[in-house]
Asker: 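Here it is, the structure, as structure tokens.
Below, each value reflects all heavy atoms present in this structure, side chains not excepted, and no hydrogens, waters or symmetry copies. Since the model is a prediction, treat every value here as computed from it, not as a measurement. Here is the naming used below: chain letters follow the sequence lines, and residue numbers restart at 1 for every chain.
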Amino acid sequence: MTTTTQEIENFDSKAYLDMELLRFSTAGSVDDGKSTLIGRLLYDSKSIFQDQIEAIEAASAKRGEEYVNLALLTDGLRAEREQGITIDVAYRYFSTPKRKFIIADTPGHIQYTRNMVTGASTANLAIILVDARKGIIEQTYRHSYIASLLQIPHITVCINKMDLVDWDEKTFNQIVHDYKAFASKLDIKDVHFIPISALAGDNVVNRSQNMNWYNGPTLMYLLETIHIGSDLNHIDARFPVQYVVRPMKNEYHDYRGYAGRIAGGVFRVGDKVKALPSGFSSKIKSIVTMDGELQEAFAPQSVTITLEDEIDISRGDMIVRENNVPQIEQEFDVMLCWMNEKKMVPRGKYIIRHTSKECKCIVKEAKYKLDINTLQRIEDDIEIGLNDIGRVTLRTTVPLFFDSYRKNRITGSIILVDEATNETVAAGMMV
Amino acid sequence: MNDYHLNHLKELESESIFILREVAAQFENPCILFSGGKDSIVVTHLALKAFYPASVPFTLLHVDTGHNFQEALDYRDELVAKNGLRLLIASVQEAIDKGIVREEKGFNASRNALQTVPLLEAIEKNKFDCAIGGARRDEEKARAKERFFSHRDEFGQWDPKNQRPELWNIFNGRKHIGEHFRVFPISNWTEMDVWQYIYQEKIEMPSLYFSHKRNVFERDGVWYADSPYMLKKENEIVEERVVRFRTVGDITCTGAVFSEAATLEDIIQEVAASRTTERGTRADDKRSEAAMEDRKKAGYF
Ligand SMILES: Nc1nc2c(ncn2[C@@H]2O[C@H](COP(=O)(O)OP(=O)(O)OP(=O)(O)O)[C@@H](O)[C@H]2O)c(=O)[nH]1
Ligand SMILES: [Mg+2]
């Protein structure tokens, strides 16, 4: 998606096929400049096409804006353009010779926090924006906390609108200081800070000429080079069965293949495995794909596994290594992000989904709710409503096989669904 | 453990296969919306891979505007025969004949928007509870907002302001009777990814995508194939040019590009060099700023 002739001649198909994928999302309060930043990133990396530029130029002119509004590149819904805010996640794509990127531009408005969580749940990196004039505010806390809860491995805090504070180093340092004080209470491993102007482009793709006091990387450089190889769990082998493949063809008379996407670790032909919940053991006979059989497969590959023995396995079951099994419990604690206008009902019944398994559960106990600003536990008022985060004990009708969310984002996550409305009302992370 | 690393195309493929299997597991009677374009071809290919060695557990549904490229129809029929697929056709012409929709009049008449009615009718009549589409988020700004699992109410409508949260890869396909889902397994793919994948997988493509000679005429900066379905104005002159199509849909709203690209490698180079999006040649999106959003809300693909 490059544009200059020189780059065209250099387009290298083989290198393209070999690229890594980085998924990142934006976060921060309303109007901190998230959408503008994404627009700037796309624009300065020449990832925008002529007709898209013309379309946003025309739309900006029609709105009477004096410059081209880059936020319109992601704010694509009519209601968003009317109000000048982001309502739901927009996904954008671009690539540089080094990496391919999937961006989730999320809303800052508290009302749409669930959409922010949607965008952040699959991210390897979160960009948290802070308006240099305002410093750290409640939404910065909330989104940083959610990012740490979601165990997004890398956080980049962009102090934006530096043009409006005269590119002042002290302002930047103060915000970095404040943020670090807060972040020390969170479970965040890898944080970077960059002073930027999304509007003018400083330190986004190109180095700023206005802030010579800053010697760190530009945002683009960071995105291209940050190490993401170890973000998946390749140790604990987990294979949630999604679907049983039974070809109705004569040559496959007794064939039973278990289709799924490896959620963790590595599986090899000949491995001794165990099926949960039955507990029966067997050996992996083959790992099947349409391109031929594999000797080994690892997360996040989608494959079909066949076993030496005929044991009863269906959707919702899990194949694991015999000597490395997950937790198997009917009662457990989760950190819950509530996402629905209808409050959580104490002792209420919900449908719970965990990997490919679905069953019912009851809310046994709400232990505490978090005060986002102080990260204090609130234990006297534990009514959990829209955008609240709290620790809850759930009891399920059948045991689940899971890992802590820290250990594995796939086998450690659940959603709750309201039986009456079918809406997804909460996201949960196994403690 | 650095050996365990998937390149981005493999990761996208794996994600799409995962989604197709979720559809098979969560719904009773899903269909693939098959247009004969490259995206629906890739989705069908992914479905073959997802359930191998079993057959694809989905019906192919083609919403036929009656204004087709013959090459696309031939390709479709061959694909269906070769892979033992089930094909169902929902006809816009029939809907017009029955008086359910009204044909647009004039030079810019197109049956594109009329597809929504026979589509929803086919979904209702055949009790499809999920329709799988090849739409990608990079195609258009309203599509950029859509979930993998997109809920539709009993009128087939999309409510972009009130989408269900979609967390990790846990997809909630629960619905009430009469409602259905649209699912987009290749949401995260770009045009370049699609071509690279076609190249890597050696997927056979309709000849329309490759450079060929064709009678075309120009209207509002777009070059259209000459066909009996489009009225030509007096000053519109048909000439033979060397062209190919970047997207394939209804003849009356699919623009051709001048191109010498005769192989997949050529196409990849051309896509890399392109300065406009593929929908830049689609007349249906040029009607207004929110044309796609409005059509999608009403139940379009
Ligand atoms: N001066 C200045 N203005 C900026 C900068 N970045 C963004 N803005 C302006 O801030 C306003 C809000 O920008 P958006 O990008 O829409 O903010 P957002 O964070 O995406 O907002 P929501 O998505 O609604 O939460 C717009 O008027 C931008 O032009 C900057 O670096 N400097
Ligand atoms: Mg925004």
Asker: Do you know which of A:Ala120, A:Ser121, A:Gly257 has the most heavy-atom pairs under 4.5 Å to chain B?
Answerer: A:Ser121

Asker: Looking at every non-hydrogen atom in both residues, tell me the closest pair between B:Phe51 and A:Val245 and how far apart they are.
Answerer: O-CG1, 3.5 Å

Asker: Quick one: what part of B:Glu22 sits under 4.5 Å from any heavy atom of chain A, side chain, backbone, both or neither?
Answerer: both

Asker: Any idea which of A:Met248, A:Arg246, A:Glu358 has the most non-hydrogen atom pairs under 4.5 angstrom with chain B?
Answerer: A:Glu358

Asker: Would you mind checking which part of B:Glu15 comes under 4.5 Å of any heavy atom in chain A, side chain (CB onward), backbone (N, CA, C, O), both or neither?
Answerer: both

Asker: Look at the side chain of A:Gln242 and the backbone N and O of B:Phe18, then say whether any donor-acceptor pair between them is shorter than 3.5 Å.
Answerer: yes

Asker: Could you state the interatomic distance from CE (A:Met339) to CG (B:Leu167), rounded to the nearest 0.5 Å?
Answerer: 4.5 Å

Asker: With side chains defined as the heavy atoms from C-beta onward, is the minimum distance between A:Leu150 and B:Trp168 less than 4.5 Å?
Answerer: yes

Asker: Rounded to the nearest 0.5 Å, what separates atom NZ in B:Lys10 from atom CG in A:Leu21?
Answerer: 14.5 Å

Asker: Is there a donor-acceptor contact under 3.5 Å from the side chain of A:Thr118 to the main chain of B:Pro165?
Answerer: no

Asker: Tell me, side chain or backbone of B:Phe171 under 4.5 Å from chain A's heavy atoms, or both, or neither?
Answerer: backbone

Asker: Could you check if a side-chain atom of B:Lys141 sits within less than 4.5 angstrom of a side-chain atom of A:Leu72, using non-hydrogen atoms only?
Answerer: no

Asker: Looking at B:Arg164 and A:Asn422, would you say the former's side chain and the latter's main chain have a donor-acceptor pair under 3.5 Å?
Answerer: yes

Asker: What part of A:Val425 gets within 4.5 angstrom of chain B, counting heavy atoms only: side chain, backbone, both, or neither?
Answerer: neither

Asker: Count the heavy-atom pairs under 4.5 Å between each of A:His354, A:Glu251, A:Glu296 and chain B, then report the option with the highest count.
Answerer: A:Glu296

Asker: Do any N or O atoms from the side chain of B:His8 and from the backbone of A:Leu22 form a donor-acceptor pair under 3.5 angstrom?
Answerer: no

Asker: Non-hydrogen atoms of chain B under 4.5 Å away: do they reach the side chain of A:Ala297, the backbone, both or neither?
Answerer: neither

Asker: Taking the inter-plane angle between the rings of A:Phe298 and B:Tyr4 on a 0 to 90° scale, is it parallel (under 30°), tilted (30 to 60°) or perpendicular (over 60°)?
Answerer: tilted

Asker: Determine the sole option in A:Asp291, A:Thr289, A:Thr304 for which the side-chain hydrogen bond (donor to acceptor under 3.5 Å, both in side chains) test with B:Lys49 is passed.
Answerer: A:Asp291

Asker: Would you say that A:Ile410 contacts B:Asn169 through its side chain, given a criterion of any heavy-atom pair below 4.5 Å between the two side chains?
Answerer: no

Asker: Does B:Glu166 reach the side chain of A:Ile415, with side-chain heavy atoms less than 4.5 Å apart?
Answerer: no

Asker: Might you confirm whether atom CD of B:Glu204 has over 12 heavy atoms from other residues, nucleotides or ligands at distances under 6.0 Å?
Answerer: no

Asker: When rounded to the nearest 0.5 angstrom, what distance separates CD in B:Gln26 from CZ in A:Arg353?
Answerer: 4.0 Å

Asker: Just verifying a value: how many Å separate B:Ile170 CD1 and A:Thr355 OG1, rounded to the nearest 0.5 Å?
Answerer: 8.0 Å

Asker: Specify which of A:Ile87, A:Asp88, A:Thr122 makes the most heavy-atom pairs with chain B at under 4.5 Å.
Answerer: A:Asp88

Asker: According to the salt bridge (Lys or Arg N to Asp or Glu O under 4.0 Å) rule, which pairs have a member within residues 418-427 of chain A, sequence neighbours left out?
Answerer: A:Lys342-A:Asp418, A:Lys360-A:Glu419

Asker: Is there a side chain to side chain contact (heavy atoms under 4.5 Å, CB included) between B:Arg147 and A:Val89 once you walk through the steps?
Answerer: CA-CA 9 Å; B:Arg147 303 277 191 258; A:Val89 200; 4.0 Å; yes

Asker: NZ of A:Lys249: more than 12 outside heavy atoms within 6.0 angstrom?
Answerer: yes

Asker: Please determine if B:Arg137 forms a cation-pi arrangement with A:Tyr91, meaning its NZ or CZ atom is less than 6.0 Å from the six-membered ring centre and no more than 45° off the ring axis.
Answerer: yes

Asker: Check whether any side-chain N or O of A:Lys100 sits under 3.5 Å from a backbone N or O of B:Asp193 as a donor-acceptor pair, and report yes or no.
Answerer: no

Asker: Got a sec: does the CD of B:Glu260 have more than 12 other heavy atoms crowding it under 6.0 Å?
Answerer: no

Asker: Chain A heavy atoms under 4.5 Å from B:His176: which part of the residue, side chain, backbone, both or neither?
Answerer: both

Asker: Please report the interatomic distance CZ(A:Arg92) to CG(B:Asp138), rounded to the nearest 0.5 Å.
Answerer: 8.0 Å

Asker: If you tally heavy-atom pairs under 4.5 Å against chain A, which of B:Ser187, B:Ala24, B:Ala144 wins?
Answerer: B:Ala144

Asker: Indicate yes or no for a side-chain donor-acceptor contact from B:Ser14 to the backbone of A:Pro300 under 3.5 Å, with no hydrogens or angles considered.
Answerer: yes

Asker: Using 0.5 Å steps for rounding, measure from the CD atom of A:Gln301 to the CG atom of B:Leu6.
Answerer: 5.0 Å

Asker: Which region of A:Thr113, side chain (C-beta onward) or backbone (N, CA, C, O), has a non-hydrogen atom less than 4.5 Å from a non-hydrogen atom of chain B, or is it both or neither?
Answerer: neither

